Amino acid sequence: MGKAIVLDGKAVAARVRAEVKTRAAEFARSRGRPPGLAVVKVGSDPASAVYVRNKRLACEEAGIKSFAFDLPDSVSREALVAQVKALNADPLVDGILVQLPLPKGLDANEIMDLVDPAKDVDGFHPYNTGLLAQKRPRLRPCTPFGVIRLAHEYGITLQGLRATVVGASNIVGRPMALELMLAGATVTVCHTRTRDLQAEVERAEIVVAAVGKPGMVRGEWIRPGAAVFDVGINRTAAGRLVGDVEYDAAAERAGWITPVPGGIGPMTIAMLLSNTLDAAVARS
Ligand code: GUN
């Protein structure tokens, strides 16, 4: 067993959800309706089905009304566009989430650009991305926001530290870099063209792994005492869930580390609920 403190995302997420539940009850009392989140699933991707079900259940538990839309793989661009526009116009809907990836043939960028930025609880609209980039965050992408909240809850300082983000996706890597900069870290972002990933990780006092490849970040690369946030969720051939970091070896060296499952995953959903409350309050 490693020496690292295991960051209990499940427990912190439960606390965030309890806060949201209190806020949702207060919202419902004062506005005469619950906050509402529309979760749109397109197609039959099995992983998406699990994520969407978990998001809807979490809403109901927190006192947020969940509006469910399940569209077939064959849905037309026009029908999906019409669905998003209808949700933009619906006063009972405070948040809109279109689960990604979309089936082939649909342009996720086009759809995300259509979501009203005031209802963009994923924080994926370029307007919200731009605000985060300009140090005036509004609705913030749930996974990076969850990493920051988890660090905060454990008293892990970020200011002035060297942070390396492994992965440069629009959903996690890029907004994670913006969040870490906002928190005062010195940030390096690694991607498929990075020449020496090991050297970039070895330097880091904060490591965030978000690539979707088991074992991509080797345990022996971790700087002693570093905080390691593993965003990866990968299923092994044996059916086990593992992250992107070699957990056992990393935990021998790290100061803090998130487990998979039970680390960042639960935080993502909790921050989605929190964003929904923020959106609801800001809109009314
Ligand atoms: N697919 C993977 N992660 C996410 C997420 O945070 N939001 C949405 N909408 N789709 C995703």
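We use all heavy atoms of the structure for the numbers below, so side chains are in, but hydrogens, waters and symmetry mates are not. Just so it is clear, the model here is predicted, and its values are computed rather than measured. Every number for a ligand or one of its atoms is a count from 1 in the order of the listing. Quick note: residue numbers are just sequence positions, from 1.
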Would you list the atom pairs, donor with acceptor, under 3.5 Å between side chains in residues 92-100 and any protein atom, with sequence neighbours excluded?
unit_1	atom_1	unit_2	atom_2	d
D94	OD1	R33	NH2	3.0
D94	OD1	R283	NE	3.2
D94	OD1	R283	NH2	3.1
D94	OD2	R33	NH1	2.9
D94	OD2	G36	N	2.8
Q99	OE1	K55	NZ	2.7

### Task
List every atom of ligand 1 that sits less than 4.0 Å from any heavy atom of L97, numbering the atoms from 1 in the order shown and giving each element.
9 (N)
#### Entry: Criterion salt bridge (Lys or Arg N to Asp or Glu O under 4.0 Å) on D70 and R56, from CA distance to verdict
CA-CA 12 Å; D70 291 312; R56 288 171 179 162; 3.2 Å; yes
### Message
Nearest non-hydrogen contact with atom 7 (N) of ligand 1 belongs to which option: V98, D122, L100?
### Response
D122
### Query
What part of K55, side chain, backbone, both or neither, has a heavy atom within less than 4.0 angstrom of ligand 1?
side chain
### Task
Quick one: do R31 and S284 satisfy side chain to side chain donor-acceptor pair (under 3.5 Å)? Show the steps, please.
CA-CA 8 Å; R31 316 301 207 280; S284 61; 3.0 Å; yes
### Task
In sequence, state the C-alpha distance, the side-chain angles, and the governing distance for N54 and I269, and then conclude on side-chain contact (heavy atoms from CB on, under 4.5 Å).
CA-CA 8 Å; N54 288 341; I269 297 195; 3.7 Å; yes
### Query
Which heavy atom of the protein is the closest neighbour of atom 4 (C) of ligand 1, given with residue, atom name and distance?
Q99 NE2, 4.1 Å
### Task
Could you list which atoms of ligand 1 come closer than 4.0 Å to a heavy atom of F124?
5 (C), 6 (O), 7 (N), 8 (C)
### Query
Which residue pairs pass the side chain to side chain donor-acceptor pair (under 3.5 Å) test with at least one member in residues 78-90, sequence neighbours excluded?
none
### Summary
When distances are taken from atom 3 (N) of ligand 1, the protein heavy atom at minimum range is I171 CG2, 4.1 Å
